[in-house]
Amino acid sequence: MMNYYLGIDLGGTMAKAAIFDQNGNEIAIGEKKLKIIYPGKDMVERNIIEAKEAVYHVIEKALQYSKINSTEIKGIGVTGQANGIYLFDRDGNPVRNAILSSDTRAKQYVKKWTEDGTWEKILPKIRQQIWAGNVPALIAWLKDNEPEVLERTEVIVTAKDYVRYLLSGEFAIEVTEASGIASMDQEKEVITQEIYNELGISEYLDCIPKRILDCTEIAGGVTKECANLTGLKEGTPVVGGQMDTGASIISAGVTKEKQLGVIVGTWGINSIVKHQAVADENIFMVYKYCIPDMYCIMEGSSTSATNLEWFIEHCMKDVDSEQIYSVCNQLVEESDYHDTILFLPFLYGSNVGPDAKSAFIGLEAIHGRGEMLRAIYEGVAFCHKYHIEKLYGYVDSIDVVRMAGGAARSAVWMQMFSDILGLPVEVSKAEELGAMGVALEAAVGTGLFGSITEAAEQWVKIKAVYYPDIEKSEYYKKKYEIYKKIVDCLSNVWKDVDGLNDI
């Protein structure tokens, strides 16, 4: 009899559930678009009750589409958008909307901690930068702006750990997430009071769950309530899972050094894995990887495919939503790659400064949507390259790019990434890589495989490989240098532009 494994992903824009058989084949997917709330400048939120309903809905749909009996699902894994903040009272009721990791309301706290030496002091422990959508930064903002909310708060978690709570009824955190929210002493693998003392938020450390799970550790079983709402079998094991950045690259088969994992989604994520940890002020994040004794060295920012979503929403309302991405790809393919437009993909934040803004550079009257779309595609890839250049300091060479995220469905975009990075780009056969990564961990946790590495070798299947076009690669080298010059030239202007809001 065939066994099946379920992965659930509460992402930045979608909730998804995907069922995989024991051979790693994707059997069925349930998905639901999530509403994003913009209550004010720099604010990006989500209604937690709507998120809960979406999670239960996608599980139910995946089960219906699969036509399998829920008793055949032997394990469940969970993932979700890393960082951001979900707050609950003692009974598990939300005390406010979730704040998403693309939110930048807390950037002044990040500036303060950077300028006064606080971040430098805790860097050897947390091994990552602090940024506005980080859990500690959002706690600090809430402390000063919504203290009454924190007074009612008993539990603080992120998206993935909330999903596990919806399944098992127990709040916990797991090791990749714990090491990725700037709260853990990574050497000791404990969430420590010392870090929160330095950040001035020590009174809220107790809100972080004390139980830290391994990725494949069974956290509990599906509750009766969840079973009734979704069709899952009560008691089905739920494992720790991991945050989406790691889940997506393990399901792309990143298990060795010299492999680069890239996620082109809500965030642009670029990762290598190593057996040695680092604490480098120039690296965005180092966190515990799902493979024991390995660390993920990650460079990323909210500068990726959401820039395309913005353009579609505001400039392509006349195009059938069912055809929109194929239309975008066609327009880009028909445009000339020699065009002079450049795009800075900083609509939702940046990797070059907290005040940086998005822009089209070189726009002329002759240009239309096709040229602007190409500039967006290129700008996102350039921003990824900007991150990736930092990772080269920690690996002798990179042999291949393993690609994940919604943009991996676009052959046009993947070929462009290969041309811009000058590397082969491999795309996995699976569509829902985040869900696959944690379903894979559920298969390990419930005994199908002896290790995550073994599971990845069995499950990961490559469907397409893109090789760089030499002529285009040479051109893009020159265009990328201009992109960097523009960023450098504007570095002293962004703060003044942001200051216009105060006039």
Side-chain angles (χ1 to χ4, degrees), residues 10-13 15 34-40 42-52 54-55 78-90 92-110 113 126 128-166 171-174 176-184 191 195-196 199-210 212 241-245 266-267 285 287 300 302 348-349:
L10 182 57
T13 57
L34 297 162
K35 294 179 182 177
I36 297 177
I37 302 166
Y38 302 97
D42 300 327
M43 297 181 176
V44 188
E45 299 186 356
R46 167 175 298 150
N47 183 291
I48 292 179
I49 299 302
E50 288 182 5
K52 172 183 177 179
V55 168
V78 294
T79 188
Q81 186 181 43
N83 277 275
I85 195 168
Y86 289 62
L87 303 100
F88 302 90
D89 65 18
R90 66 176 65 252
N93 300 309
V95 298
R96 74 171 325 278
N97 284 339
I99 303 176
L100 303 189
S101 62
S102 50
D103 189 284
T104 58
R105 73 184 72 187
K107 61 185 179 183
Q108 295 301 326
Y109 296 87
V110 177
W113 292 331
I126 63 173
Q128 60 199 261
Q129 296 177 14
I130 294 181
W131 42 282
N134 219 198
V135 169
L138 292 171
I139 292 175
W141 186 92
L142 288 165
K143 178 181 178 180
D144 288 344
N145 293 275
E146 297 181 11
E148 73 286 354
V149 167
L150 288 177
E151 286 177 10
R152 302 198 308 273
T153 298
E154 294 288 332
V155 179
I156 294 173
V157 292
T158 58
K160 173 260 299 166
D161 295 317
Y162 175 53
V163 175
R164 193 188 319 100
Y165 168 76
L166 293 177
F171 278 118
I173 192 169
E174 60 70 50
T176 70
E177 192 94 51
S179 64
I181 60 171
S183 302
M184 173 185 270
I191 293 176
I195 294 170
Y196 275 38
L199 296 172
I201 52 173
S202 59
E203 62 267 47
Y204 304 110
L205 182 68
D206 287 342
C207 296
I208 306 295
K210 299 296 181 292
I212 301 178
Q242 66 176 319
M243 58 185 180
D244 56 355
T245 54
T266 304
W267 270 60
M285 181 184 294
Y287 64 90
S302 55
Y348 300 97

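Side chains are part of it too, since the values below use all heavy atoms of this structure and drop only hydrogens, waters and symmetry mates.
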Asker: What is the distance from atom CG of Asp161 to atom CD of Glu177, rounded to the nearest 0.5 Å?
Answerer: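 Those atoms lie 5.5 Å apart.
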Asker: With a 4.5 Å heavy-atom cut-off, do Glu45 and Arg96 have their side chains touching?
Answerer: yes
Asker: For Tyr204, which residues count as a ring-ring contact (aromatic ring centres under 6.0 Å, His included) partner, sequence neighbours excluded?
Answerer: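 With sequence neighbours excluded, Tyr204 shows a ring-ring contact (aromatic ring centres under 6.0 Å, His included) to no residue whatsoever.
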Asker: State whether the side chain of Thr79 and the backbone N or O of Gln242 hold a donor-acceptor pair below 3.5 Å, judged by distance alone.
Answerer: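 Checking the backbone N and O of Gln242 against the side chain of Thr79, a donor-acceptor pair under 3.5 Å is found.
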Asker: Taking Val78's backbone N and O only, do any of them form a donor-acceptor pair with Arg164's side chain (distance below 3.5 Å, no angle check)?
Answerer: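 Not at all, since once roles are kept as given, no pair shorter than 3.5 Å links the two residues.
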Asker: Tell me whether Asn83 contacts the main-chain N or O of Gly180 through its side chain, where contact means a donor paired with an acceptor under 3.5 Å.
Answerer: yes
Asker: Hey, is the main chain of Ser179 close enough, under 3.5 Å, to the side chain of Gln128 for a donor-acceptor pair?
Answerer: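 A pair under 3.5 Å: yes.
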Asker: Is any side-chain heavy atom of Leu34 closer than 4.5 Å to a side-chain heavy atom of Leu10?
Answerer: yes
Asker: Please name all residues satisfying salt bridge (charged side-chain N to carboxylate O under 4.0 Å, His left out) with Lys143, sequence neighbours left out, ordered by chain then number.
Answerer: Glu203
Asker: Do any N or O atoms from the side chain of Lys210 and from the backbone of Asp206 form a donor-acceptor pair under 3.5 angstrom?
Answerer: yes
Asker: Measuring from atom CD1 of Ile181 to atom CG of Asn134, what distance do you get when rounded to the nearest 0.5 angstrom?
Answerer: 8.0 Å
Asker: For Phe88 and Asn93, what are the C-alpha separation, side-chain angles and deciding distance, and is it a side-chain contact (heavy atoms from CB on, under 4.5 Å)?
Answerer: CA-CA 5 Å; Phe88 302 90; Asn93 300 309; 6.0 Å; no
Asker: Tell me, please, which residues at least two apart from Asp89 pass salt bridge (charged side-chain N to carboxylate O under 4.0 Å, His left out).
Answerer: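 For Asp89 there are no salt bridge (charged side-chain N to carboxylate O under 4.0 Å, His left out) partners, ignoring immediate neighbours.
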Asker: Taking the side chain as everything from C-beta on, heavy atoms only, tell me whether Leu87 gets closer than 4.5 Å to Leu150.
Answerer: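 They are in contact (side-chain heavy atoms under 4.5 Å apart), so the answer is yes.
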Asker: For the pair Asp103 (side chain) and Val44 (backbone), establish whether a donor and an acceptor sit closer than 3.5 Å, ignoring hydrogens and angles.
Answerer: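 A pair under 3.5 Å: yes.
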Asker: Is there side-chain contact between Thr245 and Tyr287, with at least one heavy-atom pair below 4.5 Å?
Answerer: yes
Asker: Is any side-chain heavy atom of Tyr86 less than 4.5 Å from a side-chain heavy atom of Pro94?
Answerer: no
Asker: So do Tyr162 and Lys52 actually touch side chain to side chain, heavy atoms under 4.5 Å?
Answerer: yes
Asker: Would you check if Ile139 and Leu199 make a side-chain contact, meaning some heavy-atom pair closer than 4.5 Å?
Answerer: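 Not in contact.
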Asker: A side-chain contact here means heavy atoms from C-beta on lying under 4.5 Å apart; do Leu100 and Gln81 qualify?
Answerer: yes
